[in-house]
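Structure, as structure tokens:
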Amino acid sequence: MTALWAFLLEYQTHLLFGVGLLVGLLAAVHAAMTKRDVRAAIAWVGVVILSPFFGAFLYFLVGINRINRSRRLQHNEYLLQDQLNGKHQETANIAEISGSQFESLKKAGNQLSRFPIWSNNDITPLPGGDEAYPAMIAAIDSATKTIAMQSYIFDNDVIGKRIAQALIRAHQRGVTVKVLIDAIGAKYSRPSIISLFKNTGIDVALFEAHFFTFKMPYSNLRCHRKILVIDGQLAFSGGMNIRESFTSEICRGEPMKDVHFQIRGPLVFQLLLVFFHDWSFTTHEKLMPANWILTPEALPESDIAARCITSGPDNDITSTHRLIQAACAVAQTHIRIQSPYFLPDQVLLGALTTAARRGIRVDILIPGNNNLYLVHCAMMAQLNQVLDAGCHVWRSNGPFDHSKLFTVDDGWALVGSSNWDARSLRLNFEVDIEVYDRAFSTRLGQHIDGEIEKAIPITLETLKSMSFIKQLRNKIIWLASPYL
């Protein structure tokens, strides 16, 4: 033992070097073999080479996607069962209801989504918390059988407490209630809203709560989805979290803006299946649709064709990203984008700039007042790339606008939880709704145009007029944009 200890002391530098070299080599090989994005692979290999011990530890901590795909719930089993029962048929007449150019987009979507396009949906925009939250609470109070609720942020504030109390009332009258909150989103307020649900009997789960254990996938892999389904017949989804800052009644000054959506029709079933997937992933409890859906009401008078698009760091990692590319490729007249965090990668920048060079009008609306300062700086550093190609960029006036809207040719729209950034399109679990309907897309387009009328244009001259220090600051922050 004495001889071994003496050997270790004498050659400790050599041994540390060897261990560091081996660990770094293993981390670099893993990054090179598993990363789909060559830039991510190069970045991680570079970090590991420059600092073998620290780089390998950092890669192990936040660079490995540990999402267990074997725990995925197979939606197709439920979809097949539902279709065999003849309840819903896939929409075939896309050219008639939306435009001939969208036939090829539907084919692309069929390859990217496990869900078919179903007609007979009613999708109502709810602009702002003043409309969305009362409608959600009223729906919860009307529930008779089941409530499935999922949110990224569920604050313990006035609005959060109102919704929590409505859920508790529903449980007390015999409604089955399950609530799923992202573990990081639950920490946006102190104490957490979870404390209100203790000893109520309501099933509440936290998505990926293992932050500082070896089970931790890592804090980037968050569930950013927002879903509320009542009795399997009425749903709410979009980009709005549960926060009082979206209501004029409570917040000081003007409330933050957003557009949420109330949904009736077969699309509700798809949203419920997305919730089932996430609930099973988190709790290992498999929920069956038959226990969650009341006898269907008559189909809505509206006949909107739509489907869910899910994305996340599992088998669906590029679904929304590729769908956006395809939508830009089929555009013939006008692309409208409203996003609070507009940091597209080079592929999406290429899709937008190519569309602009084809003569397509591309309007991009971003917040004038962003709630994330670093994201704002990174966005400003990148805008020259779309402006050079002829895209039009606008900064909205007034309070922060969290809306996530995307329309093409007043015939197709994508709404939901996804932002135009790496966090949404590669790191988070998201759910969006692909809509084929002229009236719906036109309505959203008019909403964006109305905001643009009050907005301030950003031009190349605007960017050049900024001081060198600000431009340099923005570019330095932009280098970290894949992680913002």
Side-chain angles (χ1 to χ4, degrees), residues 121-173 175-182 185-186 188-189 193-194 196-197 200 202-205 223-251 255-265 267-272 274-275 278-279 292-294 297 300 308 402-405 415-417 431-433:
N121 295 290
D122 179 77
I123 307 176
T124 304
L126 301 173
D130 289 345
E131 291 194 34
Y133 297 140
M136 293 166 68
I137 292 172
I140 293 170
D141 286 336
S142 71
T144 60
K145 186 176 183 180
T146 59
I147 298 174
M149 183 166 186
Q150 179 173 0
S151 185
Y152 173 60
I153 299 173
F154 194 147
D155 273 348
N156 186 6
D157 56 17
V158 174
I159 292 300
K161 289 175 181 176
R162 287 180 185 175
I163 293 177
Q165 289 162 359
L167 293 169
I168 293 169
R169 289 195 301 270
H171 175 75
Q172 290 172 344
R173 63 176 184 269
V175 178
T176 299
V177 180
K178 294 189 183 294
V179 180
L180 180 60
I181 308 171
D182 185 83
Y188 274 60
S189 58
I193 194 71
I194 303 299
L196 271 67
F197 291 108
T200 63
I202 293 178
D203 286 339
V204 181
C223 195
H224 198 235
R225 295 165 179 162
K226 294 94 176 177
I227 298 172
L228 172 63
V229 180
I230 310 295
D231 293 335
Q233 295 184 350
L234 173 64
F236 298 83
S237 191
M240 193 179 300
N241 293 295
I242 309 301
R243 313 196 82 173
E244 65 182 27
S245 53
F246 288 99
T247 62
S248 58
E249 171 196 356
I250 302 164
C251 76
M256 293 193 298
K257 297 180 179 180
D258 206 337
V259 181
H260 216 55
F261 297 90
Q262 177 179 287
I263 302 152
R264 292 186 183 274
L267 183 62
V268 175
F269 181 73
Q270 295 186 6
L271 288 167
L272 186 60
V274 176
F275 175 85
D278 292 338
W279 185 264
W292 281 75
I293 301 175
L294 288 176
E297 299 175 342
C308 285
H402 194 246
S403 303
K404 312 163 197 301
L405 310 173
V415 300
S417 65
V431 61
D432 297 285
I433 299 171

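Along the sequence shown, residues carry numbers from 1. This structure is a prediction, so every number in the text was calculated from the model and none was measured.
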Q: Not counting sequence neighbours, which residues clear salt bridge (charged side-chain N to carboxylate O under 4.0 Å, His left out) with K257? List them please.
A: E451
Q) With sequence neighbours left out, what residues match D258 under salt bridge (charged side-chain N to carboxylate O under 4.0 Å, His left out)? A) none
Q: Starting at CG of D155, measure out to OH of Y188 and round the result to the nearest 0.5 Å.
A: 9.5 Å
Q) Is there a donor-acceptor pair closer than 3.5 Å between any side-chain N or O of D122 and the backbone N or O of R264? A) no
Q | Exercise: identify the closest heavy-atom pair between I163 and M149 | A | CG2-CE, 3.8 Å
**Q.** Heavy-atom closest pair, residues F261 and P125
**A.** CD2-CA, 3.7 Å
Q. Can you list the steps and then say if L228 with S237 is a side chain to side chain contact (heavy atoms under 4.5 Å, CB included)?
A. CA-CA 7 Å; L228 172 63; S237 191; over 6 Å; no
(Q) Just verifying a value: how many Å separate I181 CD1 and S151 OG, rounded to the nearest 0.5 Å? (A) 7.0 Å
Q: Would you mind reporting whether V179 and I202 have side-chain heavy atoms less than 4.5 Å apart?
A: yes
**Q.** Minimum side-chain heavy-atom gap I159-F246 below 4.5 Å
**A.** no
Q) Given the rule in the side chain to side chain contact (heavy atoms under 4.5 Å, CB included) test, do T144 and V175 qualify, once you have shown the distances and angles that lead to the verdict? A) CA-CA 6 Å; T144 60; V175 178; 5.5 Å; no
Q.
Let's go through Y133 and E249 carefully: what are the C-alpha distance in whole Å and the side-chain angles of both, what is the deciding distance for side chain to side chain contact (heavy atoms under 4.5 Å, CB included) to 0.1 Å, and is it a yes or a no?
A. CA-CA 12 Å; Y133 297 140; E249 171 196 356; over 6 Å; no
(Q) How close do L234 and V268 get, counting heavy atoms only, and between which atoms? (A) N-CG1, 3.9 Å
Q. Short question: side chain of S417, backbone of V431 - any donor-acceptor pair under 3.5 Å?
A. yes
Q) Judged by atom type as modelled, is there a donor-acceptor pair below 3.5 Å linking the side chain of D157 to the main-chain atoms of E244? A) yes
Q: Look at the side chain of H171 and the backbone N and O of T200, then say whether any donor-acceptor pair between them is shorter than 3.5 Å.
A: yes
Q: Please tell me if the side chains of I293 and L272 come closer than 4.5 Å, counting only heavy atoms from C-beta onward.
A: yes
Q) What's the spacing between I433 CD1 and C308 SG if we round to 0.5 Å? A) 5.5 Å
Q.
Looking at every non-hydrogen atom in both residues, tell me the closest pair between K161 and L196 and how far apart they are.
A. CG-CD2, 3.6 Å
Q: Examine distances only and state if a side-chain atom of S403 and a backbone atom of L405 form a donor-acceptor pair shorter than 3.5 Å.
A: no
**Q.** Residue pair A135 / L126: nearest heavy atoms and the distance that separates them
**A.** CB-CD1, 4.3 Å
(Q) Suppose we screen for salt bridge (charged side-chain N to carboxylate O under 4.0 Å, His left out). Which residues come up paired with D182, at least two apart in sequence or across chains? (A) R222
(Q) In the structure I gave you, are the side-chain heavy atoms of H402 and N241 within less than 4.5 Å of one another anywhere? (A) yes
Q: Please round to the nearest 0.5 Å and tell me the distance separating atom CE of M136 and atom CG of L167.
A: 9.0 Å
Q) What distance separates I140 CD1 from F236 CZ, expressed to the nearest 0.5 Å? A) 8.0 Å
Q.
Donor-acceptor check, side chain of R173 to backbone of A143, threshold 3.5 angstrom: yes or no?
A. yes
**Q.** Parallel, tilted or perpendicular: rings of F197 and F154 (30°, 60°)
**A.** perpendicular
Q) How close do I147 and A170 get, heavy atom to heavy atom, and via which atoms? A) CD1-CB, 3.6 Å
**Q.** Donor-acceptor contact below 3.5 Å, side chain S189 vs main chain N156
**A.** yes
Q | Under 3.5 Å: donor-acceptor pair, side chain of D231, backbone of T146 | A | yes
**Q.** Q165 side, atom CD; D141 side, atom CG - distance, nearest 0.5 Å
**A.** 10.5 Å
Q.
For K226, is there any backbone N or O sitting under 3.5 Å from a side-chain donor or acceptor partner on Q150?
A. no
Q.
Any heavy-atom pair between the side chains of I153 and R243 that's under 4.5 Å?
A. yes
Q. Can you check whether G239's main-chain N or O pairs, donor with acceptor, with R225's side chain at less than 3.5 Å?
A. no
Q. Cut-off 3.5 Å, side chains only: do D130 and S248 have a donor facing an acceptor?
A. yes
